[in-house]
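Working notes, beginning with the structure itself.
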Amino acid sequence: MHNKFDLTGKKVLITGGGKGLGFAIANTMAHHGAKVIITGRNELQLKEACGNIGTSCAYHVFDLTDIKAIPLFVEAVINKHGHIDVLVNNAGINMKKDILEVTDEDFESVIKTNQSAVFSLSREFAKRMVQRKNGVILLISSMASQYGIPKVIAYTASKSAIEGMTRAMAVELSPLGIRVNCIAPGFIETDMSSKALNSDPDRKQKVLSRTPMAKLGKPDDIGYAAAFLAGDAANYITGIVLPVDGGNAIGF
Ligand code: NDP
């Protein structure tokens with residue numbers, strides 16, 4: 001019987017795959033047979049990540065805030081690697097600041113990386129996936145779109161848009177053979193969460209006290225969820241937001 005959890009033969013592009021959750025997603029998928037292409041701005045980090053993952057990993061340096069260049073970037077990736085089966089929109093930035101201190105420029109810069117780039121990249125890959133009537137697009141939201149978290153207004157706006165775009169893309173693209181799903185990570189040990197939590201013990205305590213499993217998650221926890229949603233085992237799943245959060249979203 002075909003193992004539907006196996007990703008052999010699938011090509012996956014993961015934005016921000018050089019570290020944190022993106023690296024864990026790339027590494028997990030590669031271990032399940034996928035060929036992975038990771039992107040980011042930091043070439044050294046991408047090179048090192050590929051070295052750790054092995055020969056099934058390639059990288060492209062690209063800054064997602066260069067929105068106008070996204071169609072050319074997608075063309076270059078496809079010219080080099082052939083069609084892409086799975087797009088993982090993982091790259092993102094956070095900004096922790098009191099709401100009254102957030103400038104329009106601050107707000108715009110988070111929206112650009114976390115929302116506008118995700119839309120443009122998804123649209124460009126979807127155009128190609130539609131031709132093959134096959135593809136998977138994954139997005140990454142956050143607990144910031146499940147309930148109110150102070151000091152992250154722009155991040156919350158962008159991640160709430162991600163969940164809305166997941167549903168909007170799923171209804172238009174699923175009839176054309178493309179599944180679109182979202183993972184909502186809870187608080188996972190990465191540079192991003194360390195920055196937000198380690199300098200703020202009260203915030204960290206608050207997170208842990210409302211997480212029924214009483215611990216932070218590991219990047220691999222997200223990697224496994226993404227590998228499942230990317231593969232044939234999830235063939236009848238589209239338009240969902242899957243919390244991977246130790247119960248944080250339903251915690252008291
Ligand atoms: P990290 O800060 O560890 O990594 C972020 C990644 O995004 C890096 O690889 C970075 O690569 C890439 N990136 C950022 N800006 C750009 C850009 N302009 N162009 C290309 N790549 C970019 O974050 P995490 O791994 O923690 O987060 C990954 C995703 O998961 C994000 O979308 C985040 O919002 C989400 N998330 C994380 C949670 C957590 O607890 N860690 C919780 C909920 C959601 P480079 O610097 O090389 O450009």
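Both counts, for ligands and for their atoms, begin at 1 and track the order of listing.
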### Query
How far is atom 41 (N) of ligand 1 from its nearest protein heavy atom, and which residue and atom name does that atom have?
T190 OG1, 2.9 Å
### Summary
ligand 1 atoms nearer than 4.0 angstrom to some heavy atom of F187 are 40 (O)
## Note on the structure
Contact region, E189 to ligand 1, non-hydrogen atoms below 4.0 Å, reads neither
### Message
Quick check against the 3.5 Å criterion: does S145 have a side-chain atom that pairs as donor or acceptor with the backbone of S142?
### Response
yes
### Contact (N/O only, under 3.5 Å) between I140 and ligand 1
no
### Nitrogen or oxygen of I188 less than 3.5 angstrom from that of ligand 1
yes
### Message
Which of the numbered atoms in ligand 1 are under 4.0 angstrom from any heavy atom belonging to I93?
### Response
14 (C), 15 (N)
#### Entry: ligand 1 to R41 polar contact by distance, N or O atoms, under 3.5 Å
yes
### Query
Looking at ligand 1, does any of its N/O atoms fall within less than 3.5 Å of an N/O of N42?
yes
### Query
What are the atoms of ligand 1, with element, lying closer than 4.0 Å to any heavy atom of Q45?
47 (O)
### Task
For T15 and ligand 1, answer yes if some heavy atom of the residue is under 4.0 Å from a ligand atom, otherwise no.
no
### Task
Could you tell me the residue and atom name of the protein heavy atom closest to atom 18 (N) of ligand 1, and the distance to it rounded to 0.1 Å?
D63 OD1, 2.9 Å
### Summary
If you scan protein heavy atoms around atom 22 (C) of ligand 1, the nearest is A91 CB, 3.8 Å
### Summary
re atom 20 (C) of ligand 1, the protein heavy-atom contact at minimum distance is F62 O, 3.4 Å
### Query
Is any side-chain heavy atom of L121 less than 4.5 Å from a side-chain heavy atom of F73?
yes
#### Entry: Minimum-distance protein heavy atom relative to atom 3 (O) of ligand 1
K19 CE, 3.6 Å
### Query
Counting heavy atoms only, which of S158, G186, A144, S193 comes nearest to atom 42 (C) of ligand 1?
G186
#### Entry: Cluster link V136 to I222, ILVMFWY, side chain under 4.5 Å
yes
### Message
I need the nearest protein heavy-atom contact for atom 28 (C) of ligand 1: residue, atom name and distance, please.
### Response
N90 OD1, 3.2 Å
### Query
Is the closest N or O pair between L21 and ligand 1 shorter than 3.5 Å?
yes
### Message
Could you check whether any side-chain N or O of S193 sits under 3.5 Å from a backbone N or O of I188, counting only pairs where one atom can act as donor and the other as acceptor?
### Response
yes
### hydrophobic_cluster_shared for V12 and L229, side chain cutoff 4.5 Å
yes
#### Entry: Proximity of K159 to ligand 1 by residue part, where a heavy atom lies under 4.0 Å
side chain
### Query
Going by the angle between their ring planes, with limits at 30° and 60°, are H60 and H81 parallel, tilted or perpendicular?
perpendicular
### Summary
Ranked by distance from atom 5 (C) of ligand 1, the top protein heavy atom is G92 O, 3.7 Å
### Query
What part of Y155, side chain from CB on, backbone N/CA/C/O, both or neither, has a heavy atom under 4.0 Å from ligand 1?
side chain
### Task
Tell me whether L87 is reachable from I78 by hopping between hydrophobic residues (I, L, V, M, F, W, Y) whose side-chain heavy atoms are closer than 4.5 Å.
yes
### Query
Just by modelled atom types, is the T190 backbone N or O under 3.5 Å from a matching donor or acceptor in the K195 side chain?
no
## Note on the structure
Logged contact type for S141 with ligand 1, heavy-atom cut-off 4.0 Å, is backbone
#### Entry: Test of proximity, L64 against ligand 1: N or O pairs below 3.5 Å
yes
### Task
Indicate yes or no for a side-chain donor-acceptor contact from R132 to the backbone of H83 under 3.5 Å, with no hydrogens or angles considered.
no
### Task
Using modelled atom types only, decide if a donor and an acceptor are shared between the side chain of T39 and the backbone of V61 within a distance under 3.5 Å.
no
### Task
Flag yes if M143 and V152 sit in one hydrophobic cluster, no otherwise; membership is Ile, Leu, Val, Met, Phe, Trp, Tyr, and two members link when side-chain heavy atoms are under 4.5 Å apart.
yes
### Summary
To the nearest 0.5 Å, atom CG of L138 lies from atom CD1 of I14 at 9.5 Å
### Query
Are D106 and T103 linked by a side-chain donor-acceptor pair shorter than 3.5 Å?
yes
